[in-house]
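So the structure is just underneath, and the comments pick up after that.
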Amino acid sequence: MGPVRLALLAVVALAAAGEAVYIPYNTSAGVAAGKLNVHVVPHTHDDVGWLKTVDQYYVGSNNSIQGACVQNVLDSLIPALLKDENRKFIYVEQAFFQRWWRNQNDMIKDTVKGLISSGRLELINGGMCMHDEATVHYIDMIDQTTLGHKFIKEEFGQVPRIGWQIDPFGHSAVQAYLLGAEVGFDAFYFFRIDYQDRDTRKGTKELEVVWRGSKSFGSSADIFAGIFPKNYEPPPGDFYFEVDDDSPVVQDDPLLFDYNVEERVNDFVAAALAQANITRTNHIMFTMGTDFKYQYAESWFRNMDKLIHYVNKDGRINALYSTPSIYTDAKYAANEQWPLKTNDFFPYADNPNAYWTGYFTSRPALKRYVRMMSGYYLAARQLEFFKGKSKSGPTTDYLGDALALAQHHDAVTGTEKQHVANDYAKRLSIGYTRCLLLNVTFCPPSEMDFSKGKGLVVLVYNSLGWKREDILRVPVFSDSIVVHDSEGREVESQLLPIASASLNIRDKHVKAYLGTSPGAKPKFWLAFPVSVPPLGFNTYFVSSTKKSASVSSKSTIYSSQGSEDSNLQVGQGNLKLQYNAAGALSLYSDSKTLIEANFEQKYKYYIGQDGNGSDPQASGAYIFRPNGTVPVKTDSQVPLTVLRGPIVDEVHQQINSWIYQITRVYKGKDYVETEFIVGPVPTDDGNGKEVATEIVTNMVTNKTFYTDSSGRDFIKRIRDYRSEWKIEVHQPIAGNYYPVNLGIYVEDGNKELSVLVDRSVGGSSIKDGQIELMLHRRLLHDDGRGVAEALDETVCLNNQCEGLIIEGKYYLKIDPQGEGARWRRTFGQEIYSPLLLAFSEQDGGNWANSHIPKFSAMDPTYSLPDNVALLTLQELEDGSVLLRFAHLYEAGEHKDLSALASVDLKRVFPDKKIGKIIETSLSANQERAAMEKKRLKWKVQGPEADEKVVRGGPVDPAKLVVELGPMEIRTFIVSFERSISGEQLL
């Protein structure tokens with residue numbers, strides 16, 4: 001007879017005698033050698049916005065949508081932990097924790113600090129949110145993690161050591177090595193991988209692996225990765241203990257009916273043994289919690305106390321209160337050799353017809369807004385540093401918080417309800433100050449009346465560490481305009497008539513967003529070249545001039561309607577595009593690189609599955625499930641229109657009634673820019689539509705293409721293939737879509753075709769020689785993953801709503817084999833960090849006499865190397881400066897630029913003296929040397945890899961030169977002794 005049953009008989013006997021029984025639950029168990037150890041990890045998963053806004057979730061309002069109140073979770077958690085010193089809990093989302101912390105009195109704060117320092121309450125992951133890993137840019141991942149880690153270090157003196165990405169919909173290589181190993185994490189736990197991959201790993205006991213996410217860093221950035229067997233909820237057997245959950249509680253009072261201790265113990269042991277059968281070592285983890293649980297924490301802990309007590313009395317296994325840190329240490333102590341995982345976990349499917357690849361594109365306007373704000377935030381912090389951070393006035397902090405929330409895995413992903421998407425956009429808009437609607441051809445400062453002697457001052461700031469040569473475009477009314485630079489020299493410029501498609505968007509959207517009509521319509525885009533020094537600005541002056549004087553050149557207009565020409569060529573420099581008699585793009589040629597390639601560019605849409613077939617899975621915010629492909633044919637009655645001029649050639653095409661396209665070739669540039677205006681996507685035929693553009697060539701690419709990982713490394717993709725498991729193909733299109741944040745390319749041994757994007761999109765190469773990007777999605781059915789809304793975005797004006805119009809750009813270039821990386825990396829950085837514009841009015845006088853018209857923070861003879869970017873230049877509250885540099889190339893990516901690079905800090909900051917420089921972890925919460933010394937080094941199965949990892953050496957405080965190896969990002973806290981007055985500059 002087992003010990004549990006003997007104990008129960010004794011309790012029953014006492015109860016039968018009518019005695020009240022107090023049971024002191026023994027929850028003190030630690031790790032037991034020679035037994036299966038079940039690490040009971042209490043947790044809650046609190047989305048910082050999804051069905052409700054972040055603030056609604058926190059305070060518990062709008063409960064008709066979802067009964068969830070994070071304030072209740074944290075309020076009830078503290079007294080529950082205090083009841084038993086062995087109880088433990090982990091918390092992740094700092095956006096919520098910081099809201100709660102601000103409202104606590106000193107006594108509660110002291111209590112919480114004690115719980116955290118003793119390890120009973122552990123803050124893990126530590127970012128402001130649990131960021132997405134597919135549709136986010138690596139700079140945003142770093143920034144939001146740094147914000148959370150900074151708070152944890154300053155308030156509690158703690159450094160998170162575990163990654164906990166349990167809900168994002170697939171997992172990126174960048175998350176593993178950069179936001180894992182490089183921030184000092186020892187392990188990384190998650191759930192969502194492809195169902196076929198999971199089944200395979202269960203059979204081979206490979207749910208726990210060492211993940212080597214970086215080809216450049218090799219084993220130096222290895223991290224232990226644990227994949228949950230089913231989900232991030234309690235194990236099978238009904239162990240949900242919220243007050244309104246259906247699971248049977250542990251009823252151990254024999255005076256009451258439904259006594260079930262032995263039954264509950266058996267359920268727990270059975271679940272443990274089942275999980276042990278697919279797990280290496282004698283340690284398994286039970287994730288005790290799920291979304292917004294522990295609203296009344298004692299309900300959970302009461303039952304877990306009983307389970308641990310009675311399970312350990314049973315003796316078959318050992319159960320203990322634990323955290324992922326304790327679990328990780330136990331796994332490490334087992335001295336096991338672990339299977340090796342490389343690359344990433346995309347795409348993710350949870351069923352044969354349910355690939356979560358639609359969200360790569362969902363809500364493309366929000367995705368673009370987030371990307372714009374990210375580049376703006378980078379530049380704004382630089383300017384704040386030059387000026388000196390305000391102690392009482394506006395700072396960049398609000399925008400930083402808003403951007404951090406937007407990285408959440410139900411924010412930038414587009415998988416939230418519409419009112420929540422609106423909330424994210426509103427928060428971003430509060431922190432943004434420039435021409436808000438320039439993308440819809442509305443910029444009041446530039447639309448001034450030049451006829452009365454007034455002029456427009458355009459200040460152009462370059463946040464990159466190298467000189468920028470670019471083309472600016474602003475809407476204007478006048479056709480008699482001249483542009484001068486900061487030294488008074490006339491600048492060649494061009495006027496391009498604004499397309500009616502753009503003006504129609506302007507009228508509708510300005511009224512919809514601002515509530516007022518925009519007034520008179522500008523007639524032209526004014527385009528002119530600018531040259532801006534690194535980490536500096538230049539000023540340009542736009543004014544009216546007499547017709548007889550030198551004026552901006554008007555574009556010549558050519559229409560293909562009625563033309564008998566068989567071919568049409570555009571482009572004035574090395575790069576030429578040729579259109580055939582049907583008005584279709586047919587040939588790309590570059591006389592400098594001797595590249596010539598036949599190719600087409602066209603549109604199509606996938607019909608969204610409505611879920612009415614034998615499998616009810618519909619296409620929705622998360623899921624891409626096409627039900628047929630429809631090519632979009634150009635309306636034959638609309639002519640192809642060409643605008644030519646000294647700055648740019650443009651080809652305008654009305655593809656159909658809801659797709660307009662402008663293709664541009666700039667003088668002196670070696671790439672093609674394509675602007676698209678898509679929408680309103682019609683749904684009156686009852687079908688949702690997922691709109692894609694495709695570039696088709698005759699390149700032989702052997703099913704292979706490359707996509708970036710969160711804007712950083714490029715990963716090789718092979719159609720209908722997974723390198724670590726055999727895929728059974730059910731969705732040949734959706735199952736081959738991947739996230740694209742920077743770009744996608746194919747190669748054939750002779751040349752490379754690269755396409756770069758201005759936001760996160762889904763992309764693929766569905767057939768050889770082809771690249772496609774999904775630009776817009778408008779769907780009529782929910783896909784059953786919880787959001788309970790169709791992805792049907794609209795814009796409403798005068799009580800009438802129509803589908804959202806998406807305006808965007810992508811960029812195309814064809815290079816000789818091995819040369820495409822330079823353009824992808826350099827121009828990709830320029831897309832992320834566009835020139836920042838500020839406008840002012842000049843009314844007589846000389847503006848330049850009272851302002852500094854040109855400035856560079858760097859030594860005028862210096863710029864950063866071509867393979868290095870400045871990621872962060874930010875003044876902190878104590879006056880020190882957070883500084884990050886990134887090497888832009890992978891090892892072996894480019895014959896010249898994948899080399900060790902050097903940055904001379906004395907020349908980057910010639911007017912400042914660096915008093916102290918400390919290298920830190922990526923998230924700046926610990927010294928780099930200390931992090932590397934304490935981080936766990938995991939053993940891997942198989943022979944040791946032959947690696948040649950290149951990293952920069954320590955920074956000599958006298959020489960102040962920062963070295964960077966391929967893909968290396970180095971982070972520093974810098975203290976300056978003296979500086980010039982930023983107030984005078986700005």
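Throughout, numbering of the chain's residues begins at 1 and tracks the sequence.
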Any side-chain heavy-atom pair from [X] and [Y] closer than 4.5 angstrom?
| X | Y | result |
| --- | --- | --- |
| V648 | V665 | no |
| V460 | L836 | no |
| Y540 | L459 | no |
| Y671 | L756 | no |
| I481 | L526 | yes |
| R778 | L804 | no |
| I677 | I659 | no |
| E600 | L585 | no |

Apply the side-chain hydrogen bond (donor to acceptor under 3.5 Å, both in side chains) test between S531 and each candidate in K854, R468, E469; give the one that qualifies.
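Going through K854, R468, E469 one by one, the side-chain hydrogen bond (donor to acceptor under 3.5 Å, both in side chains) with S531 is satisfied by E469 alone.
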Member of E384, Q382, R381 meeting the side-chain hydrogen bond (donor to acceptor under 3.5 Å, both in side chains) criterion with T396:
E384
Could you tell me which non-hydrogen atom of T135 sits nearest to which non-hydrogen atom of Y359, and how far apart they are?
CG2-O, 3.6 Å
Name the residue from R644, R664, K576 that meets the salt bridge (Lys or Arg N to Asp or Glu O under 4.0 Å) definition with D649.
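Among the candidates, only R644 passes.
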Please determine whether a side-chain nitrogen of the Lys or Arg among [X] and [Y] lies less than 4.0 Å from a carboxylate oxygen of the Asp or Glu.
| X | Y | answer |
| --- | --- | --- |
| E416 | R363 | yes |
| E650 | R473 | yes |
| K604 | E694 | yes |

Quick one: which of V761, V672, T693 gives a side-chain contact (heavy atoms from CB on, under 4.5 Å) with Y810?
T693
Sole residue of T556, V570, L496 in side-chain contact (heavy atoms from CB on, under 4.5 Å) with L643:
L496
Ring centres under 6.0 angstrom apart (F855, F386)
yes
Could you check whether the rings of Y660 and H652 sit parallel, tilted or perpendicular, using 30° and 60° as the cut-offs?
perpendicular
Passes salt bridge (Lys or Arg N to Asp or Glu O under 4.0 Å), K523 versus D479? Steps please.
CA-CA 8 Å; K523 298 177 181 177; D479 61 354; over 6 Å; no
Could you list the residues that satisfy ring-ring contact (aromatic ring centres under 6.0 Å, His included) with H851, not counting sequence neighbours?
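Per chain and number, H851 pairs via ring-ring contact (aromatic ring centres under 6.0 Å, His included) with W847.
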Check whether NZ of the Lys or CZ of the Arg R371 lies under 6.0 Å from the centre of the six-membered ring of Y832 and within 45 degrees of that ring's axis.
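Verdict for Y832: no cation-pi partner in R371.
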